[in-house]
Amino acid sequence: MNLLNKILLPLGLAALVAGNVHAQNKELVVGSSATYRPFAYENPAKEIVGYDVDIIKAVAQKAGLQIKIVNTPWTGIFAALNNGDVDLVISGVTINEKRKQSYDFTAPYFEARQLIGTHKDSTAKGLKDLAGKKIGVVTGSTGDDIASREFGKTNPDIKRFESTPVAISELANSGVDAVIGDNGVIAFRVQEHKQLKTVSDPNFPKEYFGIVVKQGNKALLDKLNAGLAAIKADGTYAKIYQTWFQAEAPALPAQ
Amino acid sequence: MDEVIRVEGLTKNFGQLQVLRGIDCSVKSSEVVCVIGPSGSGKSTFLRCLNGLEEASGGRVLVHGVSVHDNSTDVDALRSEIGMVFQRFNLFPHMTVLDNITLAPTKVRGVALEQAREQARALLIKVGLLDKIDAYPNQLSGGQQQRVAIARALAMQPAIMLFDEPTSALDPEMVGEVLSVMQTLAEEGMTMMVVSHEMGFARRVANRVLFMDEGVLVEEGTPEEVFDHPREERTRRFLSSVL
Amino acid sequence: MEPILWFGWFRADIIAEYGVMFWRGLQMTILVTVICIVQGTALGLAIGLARLADARHSPARQICRYLLRWPSTVYVSFFRGTPLFVQILLIHFAVLPLFINPADGLLISGETARSLKQNYGAFISGILALTLNSGAYISEIFRAGIQSIDRGQIEASRSLGLSFARTMYHVVLPQAFRRMLPPLGNNAIALLKDSSLISAIGLAELAYTARTVAGAYSRYWEPYLSISLMYWTLTLGLAWAVKRLEARYGRGDTR
């Protein structure tokens, strides 16, 4: 960052990096990509609602934080965090090693698995069966990661879209053979199309969603973790999970 | 002498405005007819009705017995028999003088390019502009452009030439060169109809002069009759204002 | 691959890693642009002429009015009055599936439709949308260009016996074309840049490649700066080509 500063400051681009500084008591801006039903989406009244939203609101309440949720496109969500447009991100972000190098994560708040959405007549049982098929993913998502690792990141068979609904539309229109995405969203979207089904690959690892803050923002991270622990302890978490997924909340690891 | 053009009861309205109110006349082969009259009398509109550049509102125009304004008439074929020279020359600015002249013969008549070029050279010699054969129109003076325009019209070997105020847009010193080309044409026996303010030319070259005012043919006759012994009061008034 | 830093901050290795994808993306961007310039110009000419169509006698007069002028006016108004991005999504997810669809495509269905959609779906939709859009804009350029030609030119040509079509071809269009070159050049450059919007439906062109890289690494300078330079180079090349054309066809114009 220092080097970047050295380059940018003489160019008069100081404003770009000035987002580093932020006050403690101000309203925190939460970035969330609201095209990710049921985690975060806009209802007809233009409010951003969903599982993620309920979680962060409950966490903020426990932690005594003022928050404002801003709809931030997924492709620019980390850039928004980097340049200070948002203070934290809750947007179904999978915790992984690569991201941990650049950002800090809270404890998990959702157990995610990748899920394959495909046509009812497909015989695919798992990821390996998708070799040579067109696979739709959301750019930079875990599904993108899995497909890129298995089939090569520059493989033209991988088709990347801005959001899961767009990828599912492409699947419904037969533009792709399968879509790999987060279980919550894929399951929700696939049941909207009668010709589609989901396929679960047992080899897909268990993953967790975490709340993201800028690397080194320990003060905020601690508050968020405390709030998260509090809602898990008092049953608020289980209630929210039940509301959105009609199922018992699974036990989540502490870190 | 056979009749090239016959006009019967020609009328023309632009909306409410009656520009031509029933014109009857005819032009015979090798005749030179000058149309004179005050501005706005309908002279140009009349001329433009003869080759169908303007639709007639009523009456008819026959060229070699074919009605110009009939739906079934092949107006393009008819027009290729009628040369027209415009006040503003209207040369094609993106073509050389040579291409301006050869365009219509090659595309409409299907004349071979080499033959069309040969003819173009002959026509340019006639109008005295062979040295400008490869020039573009914007490299020529107004008088030169108008002479090229005459050559362009002649290239179709028309049965009649229509001149729509051919010298009105020219600087005075260039009027003479254009008129002398036209006079030569007349002497060679070309059938011509000329709308012009050049009374001297009309008197010298025309076989017949038509005086038009307010959309009607007021008077016609030989130049001597019209210029020296006008019968109508309106003709007299007009002549005294321009001569 | 080991991180390679240029100027201390530019991760050149990322670009190198996706090099083949950038190369293919560049080719795709150029291909789409060239196809759409050619098709858009042809369409624009046809629509521009249709908007000027008129005849003296019925029924040709009525045909010109109701079958040529009105539809072309509505068409131009629609494609200039709605965002290209919306047109792309509309065509790809709504219009195209109507015609090419494995289940019940009006034009093509069955296995052919599936493979067509999977291999060329985004390509077809993108080309279609961009062609229709640029055709609308180009038709206005043609219309203005044709209308800028002095009536005397048409009258001189018609009085020589040239038909309307020949007059257009030999007299009006060559002159109009010269005047249209600068706006046509601008349009081509706009088209090149607008082609980036097709990335939204998964066409692997330059912007798509940058998005893929940004998604994988959460780094934005490297991919977007790289494609910016590529777009810039392409637009400079286009501008140069237009200048050459202008010099070549500029002779004899009195204006």
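In what follows, every heavy atom counts, from backbone to side chain, and hydrogens, waters and symmetry copies are set aside. Convention: sequence-line order gives letters A, B, ...; per-chain numbering from 1.
Neither the backbone nor the side chain of A:Asp145 comes within contact range of chain C, judged by heavy atoms closer than 4.5 Å. Of the two parts of A:Thr75, the backbone and the side chain both hold a non-hydrogen atom closer than 4.5 Å to a non-hydrogen atom of chain C. Both the backbone and the side chain of C:Tyr18 come within less than 4.5 Å of a heavy atom in chain A. Of the two parts of A:Val176, only the backbone, made up of N, CA, C and O, holds a non-hydrogen atom closer than 4.5 Å to a non-hydrogen atom of chain C. For chain A, no part of C:Leu96 is nearby; none of its heavy atoms comes within less than 4.5 Å. With a 4.5 angstrom heavy-atom cutoff, A:Asp177 touches chain C via backbone and side-chain atoms both.
The two residues A:Ala79 and C:Tyr220 come nearest to each other via the heavy atoms CB-CE1, 3.4 Å.
Heavy-atom proximity under 4.5 angstrom to chain A picks out C:Arg24 from residues 23-38 of chain C. Using non-hydrogen atoms only and a strict 4.5 Å limit, the part of residues 119-138 of chain C facing chain A consists of C:Asn119.
Using a cutoff of 4.0 Å between basic side-chain nitrogens and carboxylate oxygens, A:Lys153 and C:Glu17 are scored as salt-bridged.
Here the CZ-OG distance, from A:Arg160 to C:Ser199, works out to 12.5 Å after rounding to the nearest 0.5 Å. The line from OG1 of C:Thr212 to CG of A:Asp144 is 6.5 Å long, rounded to the nearest 0.5 Å. Distance CZ/C:Arg211 to CH2/A:Trp74: 13.0 Å, rounded to 0.5 Å. Remark: C:Leu89 CG to A:Ser169 OG distance equals 9.5 Å, nearest 0.5 Å.
Counting heavy-atom pairs closer than 4.5 Å to chain A, the top residue among C:Asn101, C:Val20, C:Ile201 is C:Ile201.
You'll find the side chain of C:Lys117 stays beyond 4.5 Å of the side chain of A:Lys134, heavy atoms only. Proximity of A:Lys133 to C:Gln118: side-chain heavy atoms (C-beta onward) are nowhere separated by under 4.5 Å. Contact annotation: the side chain of C:Tyr208 never approaches that of A:Thr139 to less than 4.5 Å [non-hydrogen atoms, C-beta and beyond].
Applying the side-chain hydrogen bond (donor to acceptor under 3.5 Å, both in side chains) test to residues at least two apart or on different chains, the pairs with a partner in residues 224-244 of chain C are C:Glu205-C:Tyr231.
Within 6.0 Å of NZ on A:Lys218 lie no more than 12 heavy atoms contributed by other residues, nucleotides or ligands.
Taking the side-chain contact (heavy atoms from CB on, under 4.5 Å) definition, one finds that A:Val30 meets it with A:Ile56, A:Ile67, A:Ile69, A:Leu88, A:Ile90, sequence neighbours left out.
Geometrically, A:Lys98 engages C:Tyr217 in a cation-pi contact, judged by NZ or CZ lying under 6.0 Å from the ring centre and within 45° of the ring axis.
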Quiz item: Going through the distances and angles, do C:Arg219 and A:Phe78 end up as a side chain to side chain contact (heavy atoms under 4.5 Å, CB included)?
Solution: CA-CA 9 Å; C:Arg219 290 188 70 101; A:Phe78 289 104; over 6 Å; no
